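This report concerns only the one structure given below.
Lettering follows sequence order; numbering is per chain, from 1. Note that this is a predicted model, so its numbers are computed, not measured.
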2 protein chains.
Amino acid sequence: MVDVKSMANPLFLREEELRQGIEMLFFAYRDFTGEPDAILSEIDLGRAHHRVIYFVGRNPRITVTDLLKILKITKQSLSRVLSQLVNEGYIDQTTDQGDRRKKLLTLTEKGVDLEHRLTENQRKRIARAYKAAGAEAVQGFREVLRGIIDPGDQERFEIVAPAMPPQRRGKG
Amino acid sequence: MVDVKSMANPLFLREEELRQGIEMLFFAYRDFTGEPDAILSEIDLGRAHHRVIYFVGRNPRITVTDLLKILKITKQSLSRVLSQLVNEGYIDQTTDQGDRRKKLLTLTEKGVDLEHRLTENQRKRIARAYKAAGAEAVQGFREVLRGIIDPGDQERFEIVAPAMPPQRRGKG
DNA sequence: TTTTTACGTCAACCATGTTGACTTAATTCC
DNA sequence: GGAATTAAGTCAACATGGTTGACGTAAAAA
């Protein structure tokens, strides 16, 4: 039996392709956050804490304002989790000596330990997927994901060079 | 200046690569849900409603139990949003005539309309990213994302054939 | 006929986001 | 030097969307 729909209407295949993209993103994110969430709940922390710990670990001496720009939440929301993390000894706050209004955030040893425990799962999951898919696929994964991200944050990720023909891009 | 770290320690590059994967997933998901959320809040609905509408639209006549398996939330959580969607005329419930315990969920016309409005943003975003990255990249994107998803749901997405050499995969 | 399945419901609670108002200290601008 | 701006924090109220636990009903399966 011939697939009449995709023959007569090329948009049909495209629609299906796009919807699969939407769904894969949903499932991937759901499963990606599942395991760290389980670890966090055992020590009475949540996903919001993980995000803060992650990005402070990744950007030592980051200011509160810069952290807010990454997370795109309000400072009141951040305040709740951040002060908890400081109180419980996961994060250190020091005053910026150049501009004494700014507070610089850094993970303590305890914070680094937790960050490793939490991210280990996710690193392994990605490593497994990368390995199974191969280097070229990883390149494509990065290019597409980068395109999905809003312009303001795309710059965080270097532009990967096209796989083979550097000419003739942007048009299919 | 030579990059001593990546020369002496190949794991350093790998670590950076994996962390970028983690972050891209975070940023992509954050931006991916932003626009639909804005539309939803105008009609006093939330992201949870979107997910239900999306998957009911994608799986007409789906049962509550099957929907729960996709969303991986409790039936009490689902109940809250689902009954709202039924009450407000976005979703129809009919009894399965084969097994009269089951209720089959389908979008009404109003539901289809909303689903289109919401998903349009996301489809466009993905379409843009796909187009910019090219067909090969899309292939890679799918392969990697599929690998990130837990085995139980991977089967939802067909295995894409490797780009060129079908031999020599899984090892770098 | 008993057990299981599908679905629903009430109630309490928790995590994480929001808005809005207001404060303090430090820096920058004129 | 004084005014305006910036960085950070705080209090309060509220919305959303998850959770657990207990319980109920109808239909199907064992």
### Query
Should A:Lys110 and A:Asp113 be marked as a salt bridge (charged side-chain N to carboxylate O under 4.0 Å, His left out) after you check the CA-CA gap, both sets of side-chain angles, and the distance that decides it?
CA-CA 5 Å; A:Lys110 186 180 173 186; A:Asp113 282 356; over 6 Å; no
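Salt bridge annotation for A:Arg125-B:Asp150: present, with a cationic side-chain nitrogen under 4.0 angstrom from a carboxylate oxygen.
When only modelled atom types and interatomic distance are considered, A:Gln20 and A:Glu16 share a side-chain donor-acceptor pair under 3.5 Å.
In terms of phosphate contacts, A:Gln93 brings a side-chain nitrogen or oxygen within less than 4.0 Å of OP1 or OP2 of D:dG9. Phosphate contact (OP1/OP2 of D:dG9, side-chain N/O of A:Lys103, threshold under 4.0 Å): present. Contact between the side-chain N/O atoms of B:His49 and the OP1/OP2 oxygens of D:dT16 is not found at any separation under 4.0 Å. Distances shorter than 4.0 Å separate some side-chain N or O of B:Ser77 from OP1 or OP2 on D:dT19. The phosphate of D:dT16 (OP1 or OP2) has no side-chain N or O of B:Arg51 nearer than 4.0 angstrom.
Note on the helix from C:dT1-D:dA30 to C:dC30-D:dG1: angle between the axes of the first and last five pairs equals 30°, rounded to 10 degrees.
Minimum atom distance to the side chain of A:Ile73 is reached by C:dT18, of the listed D:dT19, C:dT18, D:dT16. Minimum atom distance to the side chain of B:Lys75 is reached by C:dT9, of the listed D:dG9, D:dA27, C:dT9. Between D:dG21, C:dT18, D:dA28, one nucleotide has an atom nearer to the side chain of B:Gln76 than all others, and that is D:dG21. Checked against C:dG17, D:dG18, D:dA28, the side chain of B:Arg101 finds its nearest nucleotide in D:dA28. With C:dT16, C:dA6, C:dT9 as the choices, the nucleotide that has an atom nearest any side-chain atom of A:Arg80 turns out to be C:dT16.
Residue A:Thr63 is classed as a sugar-phosphate contact, given heavy-atom separations below 4.0 Å to backbone atoms only.
Between the A:Arg51 side chain and the A:Leu71 main chain, no donor and acceptor come within less than 3.5 Å of each other.
For A:His50, there are no side chain to side chain donor-acceptor pair (under 3.5 Å) partners, not counting sequence neighbours.
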